[in-house]
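These notes concern the structure reproduced below.
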Amino acid sequence: MSLPPFANEPVLELRRATERAKLAVAMGELRLPLKVGVWIGDERRFGDELVSTDPSDPQRVVAVAARATPDEAGAAVAVARTAFGGWAATPAPQRAAALLRAAAWMRERRAELAALALRECGKPWAEADADVCEAIDFLEFYARGAIELDAGPELLQVPGERNRLHYAPRGVCAVIAPWNFPLAIPMGMAAAALATGNTVVLKPAEQAPGCGLRVVEALRAGGVPAGAIALLPGEGDAGAALARHPGVATIAFTGSGPVGLELLRTAAELAPGARQLKRVVAEMGGKNCVIVDADADLDEAVPGIVASAFGYAGQKCSAASRVLVHEAVHDVLVERLAGAVQALQVGPPDDFASDVPPMIERSAQERVLRYAERAAQEGTLVTDARELPPAGWYAAPVVATGLPADSDVLRDEIFGPLLTVEAVRDVDDACDRVDALPVALTGALFARNPRTVARVVARSPVGNLYVNRSTTGAMVGRQPFGGNRLSGTGTKAGGGDYLLHFVEPRVVTENTLRHGLVV
Ligand SMILES: NC(=O)c1ccc[n+]([C@@H]2O[C@H](COP(=O)([O-])OP(=O)(O)OC[C@H]3O[C@@H](n4cnc5c(N)ncnc54)[C@H](O)[C@@H]3O)[C@@H](O)[C@H]2O)c1
């Protein structure tokens with residue numbers, strides 16, 4: 001099977017009125033609420049225990065879903081185990097072809113899928129479109145990667161011996177996904193597991209069961225057998241029951257740190273009679289810092305920081321939350337940031353003019369407001385209060401300065417539109433503060449001197465460091481993505497090594513010397 005080289009799916013050019021009109025039509029045609037069942041093999045059980053609503057208009061119901069029980073988690077794993085042999089034995093190019101057809105299915109429904117992500121997760125159009133593109137990218141990228149991996153690496157050969165290494169799938173993979181990239185992240189984890197011959201049970205985030213349904217539909221429409229991909233809508237308890245199941249070989253998780261740690265603990269508990277160690281692929285949160293040196297081009301730094309901190313209302317794991325700026329330019333940067341943030345428009349995601357959409361849910365809105373109050377008490381807010389849309393889980397974008405070094409606001413992942421700014425003596429002082437954090441996901445540096453850049457690169461512990469650009473928007477194949485320290489198990493989604501998490505290496509050594517001929 002020969003495929004053209006991987007290329008990222010181009011995002012829509014939303015400056016064109018024709019593109020915007022197509023999206024508006026798709027939104028008009030979206031029929032809500034979606035009914036999302038527990039979907040195991042060919043069986044579906046519908047229910048109305050889980051309801052996902054539009055964050056910008058919580059009266060609007062986007063999806064009504066069944067909540068999977070622990071028994072259903074067990075049934076899903078049993079079916080996935082039965083299907084494993086057949087899917088694992090399917091030649092890698094055929095598995096890849098199924099993923100490529102799933103990508104084509106998504107491409108055909110691009111506008112509709114973006115509209116759903118917008119409604120269910122409050123993603124503005126550009127971000128929702130990028131989410132669809134990233135899901136397509138994962139399918140295309142891992143399909144190619146799995147074919148390459150299947151060939152195995154070259155080993156040293158000596159006369160009389162043949163050595164081969166091949167990668168075998170591990171078994172059933174539990175995919176547990178967050179809501180903030182409701183199509184791309186579950187699709188990425190599921191596609192990697194499937195491409196390498198594992199079977200998958202997907203537990204989408206409780207805030208995004210509708211998007212989870214579309215992920216499974218795409219894979220099945222592409223030709224992934226019904227037994228090889230199940231949908232288990234539910235809350236955390238459904239994810240916990242799935243992860244605990246002794247039939248699960250791999251847990252692919254993206255979400256918050258505490259849940260990731262719990263899953264690592266779960267994996268370490270051997271079930272009676274267990275014959276395989278569970279592997280955990282965990283991608284978790286961060287506290288992402290932007291260092292600004294005295295010689296930085298502030299015309300580049302200000303929009304870069306604003307996009308990093310306030311795009312999708314700061315609800316990206318890669319979002320910037322702390323600026324560490326050289327004291328010589330602190331005041332001017334703060335003034336310019338305050339002005340830029342004041343000009344941001346807070347509003348519904350389907351309004352092309354909105355810059356800052358709502359938070360995903362009421363509890364997220366309350367969390368951000370709590371931290372903003374704390375920041376106002378402990379430091380200074382340099383952005384003014386503003387009126388917010390009456391309905392929806394909106395939080396005003398905030399910039400805070402002058403916080404004490406031990407403030408929780410400087411340490412916790414707030415996951416909302418709150419940015420802090422601290423003056424530092426120099427970039428080494430900034431690097432010390434970054435190094436003091438237990439998390440290490442993304443970071444950025446704005447500086448002109450190449451020696452400064454080299455020094456910060458050498459000292460930076462983060463998984464993804466961006467120089468003179470924003471901290472968000474990693475592209476499959478271009479910026480393999482994932483964090484270090486407590487931000488994750490060091491995986492790199494969208495990179496060449498990612499598939500290795502889903503396989504086990506097996507080496508076969510054959511004696512090829514013959515001591516006589518048997519006839
Ligand atoms: N590193 C990355 O690539 C990356 C990407 C996106 C989001 N994130 C992180 O995800 C978090 C936001 O997402 P979230 O709010 O959906 O995270 P979350 O941890 O609350 O939930 C993630 C998933 O885990 C499930 N879950 C919850 N409790 C569980 C349990 N005890 N056992 C098993 N599963 C359980 C949830 O139902 C959901 O499906 C942030 O911390 C963000 O930084 C990280």
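The first residue in the sequence is number 1, and the count goes up from there. Just so you know, ligand 1 is whichever comes first in the structure, and atom 1 is the first atom listed for that ligand.
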Inter-residue atom distance [X].[atom1] - [Y].[atom2], 0.5 Å rounding:
X: L418; Y: R322; atom1: CG; atom2: CZ; answer: 12.5 Å
X: S321; Y: R411; atom1: OG; atom2: CZ; answer: 13.0 Å
X: L183; Y: D131; atom1: CG; atom2: CG; answer: 5.0 Å

What residue and heavy atom of the protein are closest to [atom], and at what distance?
atom: atom 35 (C) of ligand 1; value: V259 CG1, 3.5 Å
atom: atom 43 (O) of ligand 1; value: E413 OE2, 2.6 Å
atom: atom 12 (C) of ligand 1; value: F415 CE2, 3.7 Å
atom: atom 19 (O) of ligand 1; value: S256 OG, 2.5 Å
atom: atom 8 (N) of ligand 1; value: C317 CB, 3.6 Å
atom: atom 13 (O) of ligand 1; value: P178 CB, 3.5 Å
atom: atom 30 (C) of ligand 1; value: G236 O, 3.6 Å
atom: atom 25 (C) of ligand 1; value: I176 CG2, 3.6 Å

If you measure from each heavy atom of [X] to ligand 1, is any distance below 4.0 Å?
X: A177; value: yes
X: F181; value: no
X: A205; value: yes
X: P204; value: yes

Heavy-atom distance to atom 1 (N) of ligand 1: which of K203, K287, M284, K316 wins?
-> M284

Closest by any non-hydrogen atom to atom 9 (C) of ligand 1: pick that one out of A174, G255, P258.
-> G255

Show which atoms of ligand 1 fall inside a sub-4.0 Å distance from at least one heavy-atom site of E283.
-> 1 (N), 2 (C), 3 (O), 44 (C)

Which atoms of ligand 1 are found less than 4.0 Å from any heavy atom of W179?
-> 13 (O), 14 (P), 15 (O), 16 (O)

Residue list, side chain to side chain contact (heavy atoms under 4.5 Å, CB included) with A103, at least two apart or on another chain | R107, I136, L139, E140

With T472 via side chain to side chain contact (heavy atoms under 4.5 Å, CB included) - residues at least two apart | K316, S318, S470

Below 4.0 angstrom, N of the basic side chain to O of the carboxylate: do D497 and K492 qualify?
-> no

Is it true that E112 and R214 have a side-chain N and a carboxylate O under 4.0 angstrom from each other?
-> yes

Validate the cation-pi geometry between K203 and F253: distance from NZ or CZ to the six-membered ring centre under 6.0 Å, angle to the ring axis within 45°.
-> no

Establish, for the pair R45 and W39, whether the NZ or CZ atom is under 6.0 angstrom from the six-membered ring centre and no further than 45 degrees off its axis.
-> no

Parallel, tilted or perpendicular: which describes the rings of Y498 and Y142, with under 30° parallel and over 60° perpendicular?
-> parallel

Short version for I185: what comes under 4.0 Å of ligand 1, heavy atoms counted, is side chain

Measure N180 to ligand 1 on non-hydrogen atoms and call it side chain, backbone, both or neither using the 4.0 Å cut-off.
-> side chain

Per-atom contact, atom 21 (O) of ligand 1, protein heavy atoms, under 4.0 angstrom | no

Could you say whether the N/O atoms of Q207 and ligand 1 ever approach to under 3.5 Å?
-> no

Give yes if a backbone or side-chain nitrogen or oxygen of S487 is under 3.5 Å from a nitrogen or oxygen of ligand 1, and no if not.
-> no

Should we say atom CZ of R362 is surrounded by more than 12 heavy atoms from elsewhere, each under 6.0 Å from it?
-> no

